[in-house]
Amino acid sequence: MIRRRVTVHGFVQGVFFRDTLRRRAAQLGVAGWVRNNWDGTVEAVFEGTPEGVEALVALCREGPRGARVDRIEISVEAPEGLGSFSIR
């Protein structure tokens, strides 16, 4: 079990970024959350298998159709044992 916090910069709000991550996290069995921040970024926390978490981090690098990802910040954190994935 690993945990990553990702902040995505660019044109990433209003393009279904959060819902895309929620749906993919459900498919991969990854827990966590995603939210829009006041500064125009999208922030997400992923907890799960290394493969599942890294797949979501890779999705953050690309974003859904309509998004423009300029850069992402990734932090390694200790897992908290989250049980589901939510949009905040």
Side-chain angles (χ1 to χ4, degrees):
M1 176 82 62
I2 65 169
R3 177 181 170 114
R4 299 291 180 269
R5 181 180 301 265
V6 179
T7 303
V8 187
H9 299 260
F11 182 72
V12 294
Q13 292 188 9
V15 291
F16 296 97
F17 211 109
R18 293 176 300 160
D19 191 57
T20 299
L21 289 176
R22 180 192 57 79
R23 285 185 282 115
R24 187 70 177 127
Q27 293 170 346
L28 295 168
V30 173
W33 52 264
V34 61
R35 69 179 174 200
N36 286 339
N37 288 330
W38 64 270
D39 62 356
T41 61
V42 168
E43 181 180 7
V45 167
F46 308 124
E47 283 190 11
T49 65
E51 297 80 15
V53 170
E54 291 306 323
L56 286 170
V57 171
L59 178 56
C60 286
R61 285 188 176 97
E62 300 297 320
R65 187 169 57 185
R68 185 196 75 245
V69 176
D70 294 334
R71 67 185 172 92
I72 68 171
E73 300 169 18
I74 305 168
S75 302
V76 175
E77 298 180 349
E80 295 180 0
L82 299 175
S84 63
F85 195 90
S86 64
I87 294 176
R88 293 186 172 177

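Residues Val57 and Phe17 fall within the same hydrophobic cluster, defined by Ile, Leu, Val, Met, Phe, Trp and Tyr side chains chained together at heavy-atom separations under 4.5 Å. Val8 and Ile87 fall within the same hydrophobic cluster, where Ile, Leu, Val, Met, Phe, Trp and Tyr residues are linked whenever their side-chain heavy atoms come under 4.5 Å apart, directly or through other members. Val34 is connected to Leu59 through a chain of hydrophobic side-chain contacts under 4.5 Å among Ile, Leu, Val, Met, Phe, Trp and Tyr, so both are in one cluster.
For the side-chain hydrogen bond (donor to acceptor under 3.5 Å, both in side chains) test, residues two or more places apart in sequence or in another chain that qualify with Arg68 are Asp70. Here Gln13 pairs with nothing under the side-chain hydrogen bond (donor to acceptor under 3.5 Å, both in side chains) rule; sequence neighbours left out. For Thr41, the side-chain hydrogen bond (donor to acceptor under 3.5 Å, both in side chains) criterion is met by Asn37, Asp39, not counting sequence neighbours.
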>> As a quick check of understanding, evaluate side chain to side chain contact (heavy atoms under 4.5 Å, CB included) for Val76 and Arg4, giving each step before the final call.
In response: CA-CA 5 Å; Val76 175; Arg4 299 291 180 269; 3.5 Å; yes
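Here the straight-line distance linking atom SG of Cys60 with atom CZ of Arg24 works out to 12.0 Å at 0.5 Å rounding. The distance from atom CZ of Arg35 to atom OG of Ser86, rounded to the nearest 0.5 Å, is 10.5 Å. Remark: Ile2 CD1 to Glu77 CD distance equals 11.5 Å, nearest 0.5 Å. Note: Ile72 CD1 to His9 NE2 = 9.5 Å, rounded to the nearest 0.5 Å.
The two residues Met1 and Glu47 come nearest to each other via the heavy atoms SD-C, 3.9 Å. Of all heavy-atom pairs between Gly32 and Leu82, the closest is CA-CD1, 3.6 Å. Considering all non-hydrogen atoms of both residues, Ala31 and Phe85 come closest at C-CD1, 3.6 Å.
Residues Val69 and Arg61 form no side-chain contact, since every pair of their non-hydrogen atoms from C-beta on lies 4.5 Å or further apart. Inter-residue side-chain proximity for Arg88 and Arg18 is flagged as unmet; no heavy-atom pair is nearer than 4.5 Å. The shortest distance between side-chain heavy atoms of Val15 and Thr20 does not fall below 4.5 Å. In this structure, the side chains of Leu21 and Phe46 come closer than 4.5 Å at one or more pairs of heavy atoms.
Within 6.0 Å of the CD atom in Glu62, the count of heavy atoms belonging to other residues, nucleotides or ligands does not exceed 12.
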